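Notes for the one structure printed next.
Every value quoted in this text rests on a predicted model; they were computed, and no experiment measured them. The figures here come from the full heavy-atom set of this structure, side chains too, leaving out hydrogens, waters and symmetry mates. Order of the sequence lines sets the chain letters (A, B, ...), proteins ahead of strands, with each chain counted from 1.
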Amino acid sequence: MTGVSPYMPGYFHSVRLTAHHCKGCVNCIKRCPTEAIRIRGGKAQITEARCIDCGECIRRCPNHAKTAYTDCLDDLARYKYNVALPAPSLYAQFPPHTPVNCITSALNKLGFDEVFEVAQGAEIVTLAIRDYLKRSDIKRPVISSACPAVVRLVQVKFPELIEHLLPIDAPVEVAARIVRTERSRELGIDPDEIGLWFITPCPAKMTAVRQPLGSEKSNITGAIAISKIYGELLKALPSSAEQCSGRRASWVGVGWAVAGGETTAAQIDHSLIVHEIHSVAEVLEQVALGKLKHIDYIEALACASGCIGGPLTVESRFVAEQWMKKRLKDMRSEDTAKGIVARQGYDEVAELGVNERRAIEPRPIMRLDDDIFKAMYKVEVMDKTLGKLPGLDCGSCGSPSCKALAEDIAQGTASETDCIFRLREKVRDLAQEMVDIAQKLPPSLGKDNSKTGREDDK
Amino acid sequence: MITLEMQLDGASFETAGEASSRVKKVLQQIGVPGDVTRRVAIAAYEAEMNVIIHARRGIMTALIYPDRTELTVADEGPGIADISLAMQEGYSTAPDSVREMGFGAGMGLPNMARCSDEFDIETVIGEGTKIRMTIYHEKRP
Ligand code: SF4
Ligand code: SF4
């Protein structure tokens, strides 16, 4: 077997359950793209090996029982020098007339010594993608690896597509690497004394910090949810734009916040843009069947509309999208007027991961057993069981669908009577049997049933 | 051994990929390596598409053993007049309307042959075609 056993517990996950808020309703289990959730004992349970931290269940839970663990501003105290790395999607939480400078200086007021835009990392990755696509030895279509939830979806459900993943670090990793190297040199401090904090739209990125994809260790210290600091940011927003020092990212990098921004920036001709995790899975299924060979690049994002629709953002994605598009339009004309050009080279970044990047390992979750004979037996049990279930996919059994219950039964973690319809049938059969038994009288009681019966028939 | 049998209907493009996805899912469940699963899925998909594009109806049978998968696709269709021509990449008899949709690029048979370890085709003009493919789960023998 290749890769890590899916039965191995102990992955870090940002998405968690607050048990006392969970009512055991079935909203989350039905929408989880990897069928990672079951209701057991009246509470939701997440199977760690399956969860890709997409945050879909956070969106679905009406009781807010699903939450994302992220770091908080208090954690800054542990470091000498703190840098905020705002995701471009942070800007989309504010109307377009709020300049980026205002947002970054508000971040400064919250306690960061410096703000370094992740959009700058995105500019570099944009260039690297263009170069990568010029190579002739790569598997096409190339699948973007910027969204960690998509990368994990590939790991667990489409392990055969791992070689299609873009082997370049995500923008935030690139940005973090630049700041850590440059600041420790310029300020003469130990790299470990610099705190690099990603201001994140999603739990997937938080998980990627603790459990890096493709690199040995993340350069990011932690991640703080946009929604966690939004209120304080609003209060700290200066009324007029204060001068911000340092390089400001151009529209090329900022545009990555919205679905389509990555491919627009990289100017890829034959590209396909797909967002929302279930739609992403559909497209990946097509790639796995050998279709879509004419496509060079797939920009795939777990959230509808892209990162501006992240589960840890605050603004409606429709509003955020409109704001972001207006902001980008303004930035484009402003950049032209001021002569600001997007980055043209990335020589100063020693390594983007193309060559030295650790391979992303498959983590297949579909297999039913490590032993192929046992697995085949379980497939048969599943098939037989499925035939007996009503096919309503109601979720009352605590499994997301009849198929999933059949799988759970084959795995021995559920039983047929967990299905309320099967249970009802069993109860009915039992009741029938009781009636039948009750009608049988001992011969000593003397009444001749059979005779009466025959006479009634006439 | 696990047996899967699936009906295929000519011209039902909306169901395209369902049969191959089912085979693929079972292979994933029993833990066949990803690259092998992918070859089976592509071979099955191409065969499935062939029936949908060219034939009236057909049946796909997948016999899944621990060490190999045997796919048989038998259709009631026009048959193939010149097999060696059909095995050439880019050769297609699919109507233009179908090809414009991105189907029937003339890669079907060559693709199936490339994906499978054993490939066999029987055809009778006016009656139908039967394709048999075996893919071994371990390294090619
Ligand atoms: S975060 Fe996504 S994968 Fe994980 S349990 Fe929730 S919906 Fe499922
Ligand atoms: S689309 Fe963006 S916000 Fe959503 S999970 Fe992926 S990286 Fe996070």
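More than 12 heavy atoms of other residues, nucleotides or ligands sit less than 6.0 Å from atom CZ of B:F119. Few gaps surround NE2 on A:H278; more than 12 heavy atoms of other groups in view lie less than 6.0 Å from it. Within 6.0 Å of atom NZ in B:K130, 12 or fewer heavy atoms from other residues, nucleotides or ligands are found, so the atom counts as exposed in its surroundings. In A:E163, the CD atom is not crowded: 12 or fewer heavy atoms of neighbouring residues, nucleotides or ligands sit closer than 6.0 Å.
B:Q28 is not listed as a side-chain neighbour of A:P364, based on a closest heavy-atom distance of 4.5 Å or more. Annotation: side chain of B:K25 is in contact with side chain of A:K403 (closest heavy-atom distance under 4.5 Å). Counting only heavy atoms from C-beta outward, the side chains of B:K24 and A:E285 approach each other to under 4.5 Å.
Separation of atoms CE (A:M382) and CD1 (B:I2) is listed at 10.5 Å; rounding is to 0.5 Å. Rounding to the nearest 0.5 Å gives a distance of 12.0 Å between CD1 of A:I372 and CD of B:Q29.
Between A:K291 and B:Y45, the shortest heavy-atom distance links the atoms CE-OH, 2.8 Å. Here the closest heavy-atom approach between residue B:G34 and residue A:E160 is recorded as O-CB, 3.4 Å.
Of the two parts of A:K157, only the backbone, made up of N, CA, C and O, holds a non-hydrogen atom closer than 4.5 Å to a non-hydrogen atom of chain B. Residue contact with chain B, scored on non-hydrogen atoms closer than 4.5 Å, is absent for A:Y377.
Checked options B:L27, B:L4, B:I30; the residue passing with A:V379 is B:I30 (criterion: side-chain contact (heavy atoms from CB on, under 4.5 Å)).
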